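What follows is a short report on a single structure.
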Amino acid sequence: MEILELDHLSRHFEIQPGFIDRVIRRHPMSYIKAVESLNVSIGNNEILGIAGESGCGKSTTCTMVSGLLEPTSGDIRYKGKSIIGLKGEELRQYRRSVQMIFQDPYESLNPRFRAADIVAEGPRALDLWDADEIDHRVIEILNAVGLPAHKYTERFPHELSGGERQRVGIASALVMEPEMIIADEPLSMLDVSIRAGILDLIKELQEERQFSSIYVSHDLSILGNVADRVLIMYLGQAMEIGPAKDVILNPRHPYTRALVGAVPIPDPRSRRAIPNIRGDISKPIDPPPGCRFAPRCPHADSSCQANFVELSTEDPNAHQAACHKLDIIADG
Ligand SMILES: Nc1ncnc2c1ncn2[C@@H]1O[C@H](COP(=O)(O)OP(=O)(O)OP(=O)(O)O)[C@@H](O)[C@H]1O
Ligand SMILES: [Mg+2]
């Protein structure tokens, strides 16, 4: 069975009107449609990569899956059971099972705690084991992430390098014995020279400890290396999904084709123009109902403007592109 299913998952954010609009013009409320009717499932021990340009809804999806943000509509099922509205012990268990690794190892660690206390914080808060057992597990996990306990337990975050901090972040997630890890751009704030080491560590731990993951990255070459399947998003909509190598080597959607053709740039947070495609990426503010890539797509016609193709989760391993024009593109 799939461990996680996102079923027509959407999240819209209200845009608060300015004072003048509110008082005089009385404009109707506007919405940023950050995630729109996303259908995707994740299997046991599977790594799903999510890629797409800045603002396409990757972090919003991750935050909803982690239980920290309510969807506007749709469902998130974990082991077949909806997590929407979970409370008390069930919510506690879910938050333990699904752990986040954050993008910014500088912001995500409490500066007043030593490394060992940072890692012990989760187990202590949830009262998972007695004090000796927690100490034992903290030492074990610090060793496992490449921070020998005798050298690192007493260090404060400011006494650690960026890579070492990210290792502490990974240890804090893994000490909870999660069944799923959500890693939202865990490498993008790190120096290029240490990214490969952290990526190898994540892969190694995943194989050793057997958890499912969502791994977000702008960098398709990283996802080709780490993910089993890849989901490509554009302005809140799913554009393509499939086995990582198929999507990257044989992209079907015009957007994925452009993304795969784009040269990687060193700063993943900057907005870049995708070659071969007109126009620029915008925000999904009150977007029309169709495919959000249509205004920039060389193949789009009125059917694309009118409605978008939803992906299906029926065959989780299928390679699917959410496009009306696949026949034309394949012929041309
Ligand atoms: N709390 C919020 N309030 C209003 N708008 C939001 C909020 N969070 C996200 N958004 C908007 O939703 C859209 C998706 O944002 P999100 O952070 O999910 O993108 P992302 O794919 O993670 O981008 P990046 O690659 O830059 O991290 C963006 O247009 C963003 O401005
Ligand atoms: Mg993000």
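One is the number of the first residue; the rest follow in order along the sequence. Quick caveat: nothing in here was measured; it's all calculated off a predicted structure. Just so you know, ligand 1 is whichever comes first in the structure, and atom 1 is the first atom listed for that ligand.
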Item to check | Charged N-O contact under 4.0 Å between Asp246 and Arg252 | outcome: no

Next on the checklist: With heavy-atom distances below 4.0 Å as the criterion, list the atoms of ligand 1 near His218.
Outcome noted: 25 (O)

Checklist entry - Going by the order shown, which atoms of ligand 1 are within less than 4.0 Å of some heavy atom of Ser59? => result 17 (O), 18 (O), 20 (P), 22 (O), 27 (O)

Checklist entry - Does NZ or CZ of Arg155 fall inside the cone over Tyr152's six-membered ring, less than 6.0 Å from its centre and within 45° of the axis? => result yes

Checklist outcome for this item: Here the atoms of ligand 1 under 4.0 Å from any heavy atom belonging to Ala34 are 12 (O), 13 (C), 14 (C)

Checklist entry - Does ligand 1 have any atom that is closer than 4.0 Å to a heavy atom of Met233? => result no

Checklist entry - In terms of atom number and element, which parts of ligand 1 are under 4.0 angstrom from non-hydrogen atoms of Glu185? => result 25 (O)

Next on the checklist: Would you say the ring centers of Phe113 and Phe156 fall short of 6.0 Å from each other?
Outcome noted: no

Next on the checklist: Taking N, O or S atoms only and a limit of 2.8 Å, check whether Ser54 reaches the Mg ion (ligand 2).
Outcome noted: no

Next on the checklist: Counting neighbours of CD on Glu159 that are heavy atoms of other residues, nucleotides or ligands and sit closer than 6.0 Å, is the number greater than 12?
Outcome noted: yes

Next on the checklist: Regarding atom 24 (P) of ligand 1: of the candidates Pro284, Cys56, Ser54, which has the closest heavy atom?
Outcome noted: Ser54

Checklist entry - Do the charged groups of Glu177 and Arg96 touch, with an N to O distance under 4.0 Å? => result yes

Next on the checklist: According to side chain to side chain donor-acceptor pair (under 3.5 Å), who are the partners of Arg229, at least two apart in sequence or on a separate chain?
Outcome noted: Glu46

Next on the checklist: Any nitrogen or oxygen of Gly57 lying under 3.5 Å from a nitrogen or oxygen in ligand 1? Just yes or no.
Outcome noted: yes

Checklist entry - At a 4.0 Å cut-off, with the gap strictly under it, does some heavy atom of Gln103 reach an atom of ligand 1? => result no

Next on the checklist: Tell me the closest heavy-atom pair linking Gln99 and Ala173, and the distance in Å.
Outcome noted: CG-O, 3.4 Å

Next on the checklist: Test of understanding: given a 4.0 Å heavy-atom threshold, classify the contact between Ile32 and ligand 1 as side chain, backbone, both, or neither.
Outcome noted: side chain

